[in-house]
Amino acid sequence: MRRTIRNVFFRFRWLRSLRVRLFVALLLIGFIPLVIMRHAIIASYEDRGIDVRRFDVQNQLKIIADHLIKYNYMLDPSSEIVNAELNQISNLYDGRILIINGTLRVIKDTYMLIEGRTVISEEVIRGLRGTGDFRYDHVNRFIDIIVPIVETVSAQSATPEIPEGTEIIHGVILASVSSEAINTTREILANKAQTVETIILIFLLVIAAVAAILFTLPISYVSNAISRIRDGFAAEPIRASYYMETEHIIETYNQLLRRIAVIDDSRNEFVSNVSHELKTPITSMKVLAESLLSQRDAPQELYREFLLDIAAEIDREDRIINDLLSLVKMDKAEAQLSIGIVDINTLTEVVLKRLRPIARKRNVELVFESKREVLAEADEVKISLILTNLIENAIKYSRGSGVVTVTVNADHQFFTIEIADTGEGIDEDSIELIFERFYRVDKSHSREIGGTGLGLPIAQNAVLLHNGTINVDSVVGEGTKFTVMIPLRSRQKLP
Ligand code: ADP
């Protein structure tokens with residue numbers, strides 16, 4: 001059953017429209033009581049009409065019954081007066097009157113069809129026992145009324161066997177009167193009610209349609225605004241407030257717009273930064289090549305020197321592209337982590353060994369302190385990326401000499417790696433920005449020492465992928481300490 005209903009709703013899409021449902025609901029709320037009321041009024045009119053007619057006829061028949069006794073009609077049905085009365089009532093109520101005596105014989109039929117015949121029916125027998133009766137035939141529109149012909153014994157005619165006040169039943173009067181007049185009035189009434197009903201229905205249709213449109217207008221408004229954005233128009237926030245419910249939708253929608261705007265801005269900024277960073281080495285190469293071309297007989301040493309500079313710019317371009325690729329790869333999803341058991345101490349030693357020549361060149365001492373053995377569920381390549389970027393920075397920003405201390409430690413939940421240097425430090429304003437892509441405290445100095453401004457964002461992304469945290473403490477002129485804290489157990493399952 002539920003399935004069939006669902007299929008119907010699926011087939012006729014408009015049935016799922018809130019506006020259509022509201023329209024139908026309002027229409028039904030107005031129309032159903034109207035129809036019920038019409039039926040109730042007409043039915044009660046009919047009942048009342050039948051009752052009035054029945055009492056009327058019953059009263060007339062009781063008077064006739066008295067006359068029947070008075071004129072001894074049951075023994076001699078030739079009384080002109082009574083017959084005239086019977087015909088009059090018969091004509092007046094458009095009906096037929098039968099007088100039946102105690103032996104069930106018809107002694108008078110105003111239609112003169114069954115006079116002298118015997119009538120055996122339950123109602124007549126009950127009437128002979130003194131019980132009057134009444135029946136309404138809905139189909140043929142007739143009211144059958146039975147009135148017993150009762151004689152109350154008076155003082156003069158009383159005998160010792162039949163005392164005064166005894167009721168003697170001589171027979172019954174059976175009248176079938178037409179209810180056509182009531183029916184005609186009922187039909188006139190029904191027609192009038194139907195006309196009024198049709199007029200009210202037209203009003204209801206208009207009112208329900210207008211109300212359904214007005215009630216659902218805010219929803220259409222919000223949906224149109226969203227469609228406009230989908231179609232590429234300006235993303236204007238919606239300012240109007242309607243119902244509490246739509247106000248909530250509008251607020252959520254506006255928040256979404258603000259978020260989209262922020263994402264859009266940061267994407268634009270990122271693209272412009274990328275273009276700028278990629279253009280810088282190309283511009284340098286162009287300048288170097290053009291200055292060589294402009295000199296006719298440039299010496300070979302100059303060529304060599306310029307070509308070395310061009311090679312350095314190409315290296316730089318290569319570094320930026322590689323860093324960008326690492327970032328983009330890490331932006332995708334956690335699923336890319338290839339988790340394994342990593343010995344953090346050994347890995348740190350490997351990275352330190354790789355960086356030692358650079359440190360030596362810059363006169364920087366590398367110290368490794370391992371507080372305990374650490375085996376963690378992590379992505380080895382990404383942890384190595386974190387270590388390389390942080391230790392490389394510590395060496396790069398050590399002002400020509402100094403000590404870089406790398407400490408590995410762990411508790412039962414996390415392992416920590418601290419990279420502390422005795423370098424130039426980072427001022428308070430910049431500390432919040434160093435994880436932004438392409439941010440550098442001193443752009444020209446960073447470029448001189450081969451920085452791309454992407455090292456820290458890469459390290460931060462790798463830490464976040466491991467559900468870890470990265471913190472910085474720095475004092476200008478004294479040094480900087482980066483602390484990385486990562487859970488020992490990965491949320492991802494080991495392969
Ligand atoms: P870069 O490639 O320029 O080093 P990073 O993203 O690695 O880019 O670092 C961003 C900026 O943060 C650097 O330009 C530098 O100014 C600052 N910074 C990073 N590490 C240190 C550090 N250990 N000491 C001082 N400044 C640092």
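Computed from a prediction, not measured in an experiment: that's the story for all the values here. Along the sequence shown, residues carry numbers from 1. For ligands, and for the atoms within them, numbers begin at 1 and follow the listed sequence.
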Open item on the list: Looking at every non-hydrogen atom in both residues, tell me the closest pair between S338 and D379 and how far apart they are.
Closed with: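 Smallest heavy-atom distance, with atoms named: N-OD2, 2.9 Å.
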TODO: Kindly give the heavy-atom pair with the smallest separation between H276 and T280, and that separation in Å.
DONE: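 Scanning both residues, the minimum pair turns out to be O-OG1, 2.7 Å.
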Open item on the list: Applying side chain to side chain donor-acceptor pair (under 3.5 Å) to R316 and S284, what does each step give before you reach the verdict?
Closed with: CA-CA 11 Å; R316 185 172 156 64; S284 303; over 6 Å; no
Task: More than 12 heavy atoms from other groups under 6.0 Å of CD on E432 - done: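 At most 12 heavy atoms, drawn from other residues, nucleotides or ligands, come within 6.0 Å of this atom.
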Task: Lys/Arg-Asp/Glu bridge criterion (N-O < 4.0 Å) met for R399, E478 - done: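 No salt bridge links R399 with E478.
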Task: NZ/NE/NH1/NH2 to OD/OE distance under 4.0 Å, E46 and R141 - done: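 Yes, charged N to carboxylate O under 4.0 Å.
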Open item on the list: List the protein residues in contact with ligand 1, where contact means a heavy-atom separation under 4.0 angstrom.
Closed with: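 Under the 4.0 Å cut-off, ligand 1 touches N393, A394, K396, Y397, D421, G425, I426, I434, Y439, R440, V441, S446, G451, T452, G453, L454, G455, L456, P457, T480, F482.
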